[in-house]
Chemist: 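What follows is a single structure, and I will ask about it in a moment.
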Amino acid sequence: APATTTQAPPQGEATQPAAAQPSGAGDEEIQPGVLRRECLILEDPTGTATPADDFNRWRPGTRTYSTGLQQLALDALWYIDPDAGVNGVWDNAVAAEKPIYNEDFTTMTVKLRQGLYWSDGVEFTAEDLYYTVDVQMKNDGWSYTGQFRGNIESMEMPDKYTVVFHLKAPNSRFHSFFTVRWGACFMMPKHVFEKQEDPLAYKFNPPVSLGAYTLKDFDPNGNWFLWQRRDDWQRTSLGLLGEPKVKYAMYIAPGPSDKRVIAQMEHKLDVIHDITPEGRITLAQKSPSSIGWFKSFPWAHPDPTLPAVIYNNEKPGLDKREVRWALTLAIDIVRVAMASYKGAATISAIHVPPTGMYPKYYFEPLEDWLKNFTIKVGGQDYKPFDPDACNRIAEEARKTLGDLVPTDPAEIRKSLGAGWWKYDLKAAEQLMLDAGMKRGSDGKWKLPDGSDWKVPMMSMNQSNPTMNRCASMVAECWSEFGVDTMLDARDNPWDIMSLGEYSANLAWTIETWGGHPDLFFFLSSWHSKFYQPSGTRASGSNSMRWKNPELDRIIESIQKLDFDDPKGIELGQEFIKLAAQEMPITPLMAYNVFTVCDTTYFTGYPTAEDPYTDPVPNWANTKYMFIKIKPKA
Amino acid sequence: MAILSVRDLRAYYRTEAYGISRTVHAVDGVSFDLHPDEIYGVAGESSCGKSTLIKVISGNVKPPLKAYSGSVEYDNGLQKVDMLTISPEEMRRNIRWKEISYVMQGSMSVLNPVRKIIKTFEDIVESHRGIQDKKVFREQVEAHINRLGLPTDVLNAYPHQLSGGMRQRVAIALATMFQPRLIIADEPTTALDVVVQRGVLQMLKEIQAESKNTVLLVTHDMAVHANVADRVMIMYAGRIVEEAPTKTIFKSPLHPYTKHLISSLPMIGVRTTKTSLRGSPPNLANPPSGCRFHPRCPLAMEVCRTEIPEMVDVESRHRVACHLVKGGAL
Amino acid sequence: MSVDGNLFDVQNVSVVFQIGGLLGGVKLVAVNDVSFTLSREKAEIFTIAGESGSGKTTLSRLLLGDLHPTSGKVFFEGRDLSEFRSRAELKSFIKKVQPVFQNPFETFNPLRRVEAYLFDTAINFGVANNVKEAAMVVDHALQQVGLSLAEVSKRYPHELSGGQIQRISIARALIPRPRVILADEPVSMVDASLRMEIVNLFRTLRDEEKVSVIYITHDLATAYYISDRIAIMLRGNIVEAGPVEEVLERPMHPYSQLLKESVPEPEPEEKDAWVKHISLGVTEVNEYNQVGCKFAGRCPHVMDVCRQADPPNISVGPRTVKCYLYTEQAREAAGHPEMEEARK
Amino acid sequence: MTILRIIRDLLKYDSRFRLAFIFLSTILIMMLLSLVSPYNPNKTFVVAMDTPPSLEHPFGTSSRGQDIFWWMTFAVRNSFLLGMVTAALSRVIAIIVGLIAGYEGGWLDKVLMAINDSFVVMPLLPILILLGFLLRGKMNFFTLGLILGVFGWPWDARLIRSQVLSLKERAFTRTAVYSGTHPFWITIHEHLPFVLPIVFATTINNMLWSIGMEVTLSVLGLSDVSTPTIGTALFWANQHGALVAGVWWWIAAPTLIAIILFLGLYLLFSSINEYIDPRTRLRLIGG
Amino acid sequence: MRKFLLHYLLPRIAQYLTVIFIGITVTFIIPRLSPTDPVEAQVSMILSSGSAVDPEAIEHMRQALTEMYGLSGSPLEQYIAFWGRLLRGDLGPSLSTFPTPVTRLIGQALPWTLGLMLTAVILSWIIGNVLGALASYYPKSKLIYAIDLMSQAVRPIPYYVVALVLLVVFAYLIPIFPFSGAYPVGTRPSLTPSFVLIYLKHSALPALTLILVGFGGWFIGMKSLTSNIISEDYVVYAETTGIKERKILTQYVMRNAMLPQITGLGLSLGTVFSGALIMEVVFQYPGMGMLTLQAIFRNDYSLIMGIAIYSIIGVATSVFLMDLIYPLFDPRVRYQ
Ligand SMILES: Nc1ncnc2c1ncn2[C@@H]1O[C@H](COP(=O)(O)OP(=O)(O)OP(=O)(O)O)[C@@H](O)[C@H]1O
Ligand SMILES: Nc1ncnc2c1ncn2[C@@H]1O[C@H](COP(=O)(O)OP(=O)(O)OP(=O)(O)O)[C@@H](O)[C@H]1O
Ligand SMILES: [Mg+2]
Ligand SMILES: [Mg+2]
């Protein structure tokens, strides 16, 4: 980039940023004094955040959490990175050490770092942690009221930097309430909240920051939020890892996918959270400065979540393992990958996402097992695994994308995943017959008693094109197989999912740390003691209503282990084998997010080569990006 | 010297739609002269072409109406114009309202319902002369309508607020704003009751007497002609059948149709049975051959069926078109 | 007065319309305290005349049961019209009282064939039971007005002349064999030569079919020509009523006099009376709302009392006059003014 | 018979009708072609993806590997059907309510107009969405048509009513009354013919509105997106970022078809309207 | 005056209130028929973190939320309480952004929508009417015929396509207009002249979308009205009097043809309250449409109801007001 001598920007009036003409040098102002090349612009996928002035992250319903608030201003005890992490997967953020449990996991001691300060100059201490837990536990309506009440017997604060939690029952995963990947409780500034008459209603505006940035300005209509690096960034947990080189960061609601693409082509949006695969391809072809996780196809960052066909295991027909397996074998994963991601999908045959560190923990060790894994089809042993699926996807994708698609098998495995289950309609047919299902005269499958069998396929909607496209293709495959199905796309399937008022649903219920092998994160609520029948709301993530004594055993065993105990991986593998046998849900692929970053003004974004964190800009982990990203000039 | 002379005028409505074409011979070979300072009455039953004739001579020929032959010449002594060929803009600028103005039937609907009366005056005056000073203009209008015996209140009223007679008199006031040489009035009093009719016609007559201009008055009410017109022309099925000074028409009508028209008029105090004409009015899309009156004429002869009777002068100002009076013989 | 003995018995009816603007509307008494009767025994032609807007149409709507009086009552064959509620009752009433409207071209739907109305009437009133019978009934009715079904069938209104339609309209009214035909200005829209055709027809109906006709018009010449009795209306009031010769040859009410004098005579010589200057009202509403005699503003004989209260109805021979000039005292003071008027 | 004659006359003498005829024939042929489509519209990846219009694929192919032309044959059929269902239902309601309220007057008029006005003020989109929840799974485009039909009449009913109010005052209505005709037949025989031009004129607006509503719901993904319609065409195009991906023909095709359909209807109705308009008709037959 | 009150205004107000009452009642009922329960939705949102929570604690949370959302008691009690709150101008808290009052959210979105939509509706009304009148006054003009076809060709194009195409063409290919919603990112709305300029520039494309799609309807309406008016006697008369054509067109033809369009305008102005959803989504315009979308996607019943109530009152009021001022335009109508 050419070195530019900056001229003193005109001050005073609200100048309009050169909307029409991107100068390339980034000298235009976004706000008086805020130069474009000093300000990283990121997409907030939550869209317009209303009300914009409510930053009380601890109250359910606040909409401003990913406007930079959780990424840049809040901080938590620990972070687990979905990828490799800047300094390993585990980061003690405001905590000084890892959680310290007693023998039987009934107390957890937290040691805090010293020398961290809130942006208003007050020191961060155990008082804040104590208050954060205490206020939510003692009062109704807070986000963690239920969790804290359910787990905590009492707390004590032996010194200014230590808090001890006494738990009601043994719980080796209690720290996950304070660990960021998702759903961690961030620290509240006691000195601010305790002054409020009604802390729950308090808007926390302006937010007092524990992170490296503070809020500079925001749009009352919730379309943009501008953050500014703290002068005392050294006194934050992020600062301990390095200097944040981005002076300003702005999170915006940039509108529909097509608009985001155009915005990046015009260099008005540095980090796109997600776009359609076609939009990504367009950028690959037309915007040389845009980069993604992978250098080339399939570009996307695979999220540590696992989109799957979730069956309601209680519906007639679907309550049979054979039927669920038949439906699995009736899915042509190549077409599904093509339809949903234009081939840019990272597929997974087993019940964990093929992302982050998981290939190493689970996929590689289980490969041989998978190849020899059998199920009974018509009384015979049948090997359902197809190690070649990824290659066929690559081949198919090459038809439209040509050289962009890698040819090296290792590269393919890395980006597109290992194999998947066979597409074998014959075996599927036999499995259906094994389960007592009958084909009607119209060629459609009927229940054993001859009554109609409908399996509508619920999915997310325009807000999530790839999932919707994926569901549509699965439904098409099933139709061909004679299943009476239809696409039921809706914008808010979550509620129905939780109620269990569906048959099949394309969504995710398996979500992992990404960087850490522990599966308890999602498995905890699959224990039969939390089971809720269809019609009542599932507690936790067991929306498929799966109950299995073996599963209970695995969960209980994990819970008795320390978080980092290597035995946990073994138990995890046991879970995977059980799930493959039972197929309560059919795993499909990683949730690939087409996060695209523009290198016109900034460089240093995380990529597959330097996977120091997940680039998806709404996650709190992305705070680590800010010490790696630097202005280009 | 004639102020307006019409020669052998033929004006037809030709409509063509979806393959059906129809020609209505509404005015078919009409010739007459209008003289300065007279009230010229045109009579004849409904649909005989009276309004069509007026449309043509006042320059309002719009499709489907078209003048096919003949001429209409307006001559005010200074300039001569052919009303059939003059350009619309020239017509608008030089003739309309300044030379020839128009009083239409159905006063209810000729005034813009959403505009106060004064505004209509304003529109007209502005379009022809321009208005420099609103106050002067208003004074002029007030003076004008006062001269006609109308209260100034009417200027601020909307048309619907006025009675029928008042509206019709406003229409006359509008028509006489620029003291035109020729005023054409098409059925100005039809649908008004007799008292109002009397008031309106009186006003028209007074204006004429004062300004010595020409009034062309169309109505099928013979009694009105008897009281107002100087000369009367009788039309039947698109043609003139007879023309004479009013007295002559009433005292010694020659054409059988005219005769019938006059004898059938009822009068208070007379109760003798009056007969009506047999047959029904002619269809102008397909008029009868020869004399158009022959199917209904009690005196029809063979020749009437085939030959169109020519217009003959009976006396100096009495013309008639009937085979019975050929050659001036009665 | 025996209510039963009469076909129509109109007793002190008034109709008040609410009209007027944003800031306070006005009441308009379109018909004011009108009474008259129509005999059951003898068919007659009864003319209601008067200037535009004098309430003639409103009165006819009252008689047709189309409008109910604000006060007063209308009896038909002894029964109060406002008591007819059911469709059947109303139907049997309109079977006996049939209208003929003013504008022949508006009487029938331009998009329907005219004979449809004739057949409908025949069948709806049970005069005929099927289309075949109806055809005979219809043809008979058309014959009565000098037409025939053959001439009329399959024709739309525009294919017929005004005179023909008006005759068909009368034929339709005749089908249910009514006792009364109510004709509201049946000739005002037709030209002079057709006028006689229609009024002659009324005369025939009265004489030959014994049908009474209420003939509403402002054409006094035809009224004189055919009718037996006449009522002159002015702004909602009947100002003078009586046998037609008496009223029209020697009008007593100043308004009747003006009306008669305004009829243009088809005589080019006698113009003097007609040419005499008259004044007209600016708006109708003003005159309607005038207290006392509505004609006071224009009356050459106006007295103070005229502007104070409604004049009474005074019987003078066979007629009634609503005018202060004919009160007992006035007549004495002036020495029989009606004789004087009559001499004129 | 007469219908054929009218069509022949209009074709011969009205250029607008000719154009309408061409447009609508195109649409009709497309709809009929759906019956012989070589592709099942519910099957994807049956042809090459993203190929621009060509002889083989007149409208090109989509990113879902479908032939857009053949897919649109189904879409136009369904959208048209939706429009028709809505228009037919709402016309029937509008005509009935308009005629009755106008003719009967009195309290019936007041009640009907209160209902009418309440429908006018009701915000449709939120209600549709809430109903969508209620009719989960049953909300196909036919039910949608019915629901839209139930909401699409009030404005037109008002128009019809005001027309009837003036027709009621015309003498021929009273002639019919005094001919002993039942009010029902009066409205049908005497008033309906005059009201038909309004009905036609509003039909096109109504279809436009209902198809547009479907498009809105589709674009937001709130309708049954697996049925091909003009709206779902846009939905899927949008799901594949067709505009920025340069697959413009995927958006152009439904747009073009919508334009042809509605221009055709517009020209057709204005031509027919002139033909059946009482005034024109009177002028033509010489009133 | 009293008569006007008694005979016109009071019944008209009664009708106005009835309509609002029915409308609001219906919008109260419909969401309550829905199987999704906002409390449950909220609970599952809280629980979606994936951790297991003790059922007792969930029950507690459920009760607390029911209380706060005003969903306790029988439907009738809820209905009465609902009116009680409504009459105090309280539309309750938004569920998805609890406890922000619905009125606040609407209050924030409404000015944006009003600003844009009022301008667009009025402009398309004017343009449609003027062109429509010209079209039937000069039926032979080729230009007018082209506009006629054009207006009808644009009408059926889905809003969404019009908006996107305009955006791509005028903000990307030929970048003469800015790209984003009402104002650029980084700018704070204020009432300064410079902001107003920015706003106008940014609103040009959204407004153009609305106008392009909107004027066709007015156009044909006006065209058919005008074609009736030009054969009216007063127009023919005006022509014979030699009044200038422009005056005839404006004061005689359009002035009279406009009358029915005024009522239509009233209705359209009313619908402004619900915003232009698609346009707002495409342009990221912070108005009522976006708010509606947000409410829909988040199952925020109280917000949906709030928007519906505003819309109902908006439409009813503007139609009511139009009825009241109509006589100013038509002197013949005197509140009969
Ligand atoms: N626009 C038109 N198109 C076709 N024919 C027409 C048109 N206007 C009038 N006519 C026909 O032309 C003939 C003459 O009509 P015109 O109006 O001149 O008669 P009129 O003597 O003025 O009748 P009236 O006394 O009814 O006013 C009639 O047969 C009429 O039907
Ligand atoms: N429905 C109504 N509402 C208000 N005013 C009315 C109504 N009907 C008639 N009027 C008024 O009542 C008065 C009498 O009207 P009516 O029609 O009875 O008079 P008319 O004698 O028949 O007049 P014309 O000779 O013009 O037919 C008129 O001023 C009229 O404007
Ligand atoms: Mg005429
Ligand atoms: Mg009358």
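Chain naming here is simple, since letters A, B, ... match the order of the sequence lines and numbering starts at 1 in each.
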Chemist: Check the side chains of A:Ser287 and A:Gln264 for a donor-acceptor pair under 3.5 angstrom, ignoring hydrogens and angles.
Modeler: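 No donor-acceptor contact under 3.5 Å links the two side chains.
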Chemist: If the plane angle is over 60° it's perpendicular, under 30° parallel, otherwise tilted; pick one for D:Trp236 and D:His240.
Modeler: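 Taking D:His240 first and then D:Trp236, their aromatic rings sit tilted (interplane angle of 30° to 60°).
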Chemist: Indicate whether any N or O donor in one side chain lies under 3.5 Å from an N or O acceptor in the other, for A:Glu278 and A:Thr282.
Modeler: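 Note: A:Glu278 and A:Thr282 side chains miss the donor-acceptor criterion.
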Chemist: Which one of A:Thr466, A:Thr276, A:Asp258 has the most heavy-atom pairs closer than 4.5 Å to chain D?
Modeler: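 Of A:Thr466, A:Thr276, A:Asp258, A:Asp258 has the most heavy-atom pairs under 4.5 Å with chain D.
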Chemist: Non-hydrogen atoms of chain D under 4.5 Å away: do they reach the side chain of A:Thr400, the backbone, both or neither?
Modeler: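 The answer is the side chain of A:Thr400.
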Chemist: Considering only heavy atoms from C-beta outward, does the side chain of D:Met113 approach that of D:Arg158 to under 4.5 Å?
Modeler: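 Side-chain contact under 4.5 Å: yes.
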Chemist: Examine the side chains of A:Thr595 and A:His301 and answer whether a donor and an acceptor come within less than 3.5 Å of each other.
Modeler: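 The answer is no; no qualifying pair exists.
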Chemist: Between A:Ile281 and chain D, which part of the residue has a heavy atom less than 4.5 Å away: side chain, backbone, both or neither?
Modeler: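 Answer is neither: A:Ile281 stays 4.5 Å or more from chain D.
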Chemist: Highest number of heavy-atom pairs under 4.5 Å with chain A: which of D:Val225, D:Asn42, D:Leu243?
Modeler: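 The candidate making the most pairs under 4.5 Å is D:Asn42.
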Chemist: Based on non-hydrogen pairs under 4.5 Å, which of A:Pro456, A:Ser257, A:Ser472, A:Gly279 is most in contact with chain D?
Modeler: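 Of A:Pro456, A:Ser257, A:Ser472, A:Gly279, A:Ser472 has the most heavy-atom pairs under 4.5 Å with chain D.
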Chemist: Strictly by modelled atom types, are D:Thr229 and D:Asn78 linked by a side-chain donor-acceptor pair under 3.5 Å?
Modeler: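 Short answer, no.
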Chemist: Could you tell me which portion of A:Lys342 (side chain, backbone, both or neither) has an atom closer than 4.5 angstrom to a non-hydrogen atom of chain D?
Modeler: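 It is the side chain, since no backbone atom gets that close.
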Chemist: So which of A:Glu480, A:Lys399, A:Arg335 has the largest heavy-atom pair count under 4.5 angstrom toward chain D?
Modeler: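 So the answer, after comparing A:Glu480, A:Lys399, A:Arg335, is A:Glu480.
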Chemist: Do the two ring centres, one from A:Phe481 and one from A:Trp445, sit under 6.0 Å apart?
Modeler: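 When the ring centroids of A:Phe481 and A:Trp445 are compared, they turn out to be within the sub-6.0 Å range.
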Chemist: Side chain, backbone, both or neither: which part of D:Asp50 has a non-hydrogen atom closer than 4.5 Å to chain A?
Modeler: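 Side chain of D:Asp50 only, per the 4.5 Å heavy-atom cut-off to chain A.
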Chemist: Side chain, backbone, both or neither: which part of A:Met473 has a heavy atom under 4.5 Å from chain D?
Modeler: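 The side chain, not the backbone.
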Chemist: Who among A:Ala339, A:Ala489, A:Ser479 has the most heavy-atom pairs with chain D under 4.5 Å?
Modeler: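 Between A:Ala339, A:Ala489, A:Ser479, the count favours A:Ala339.
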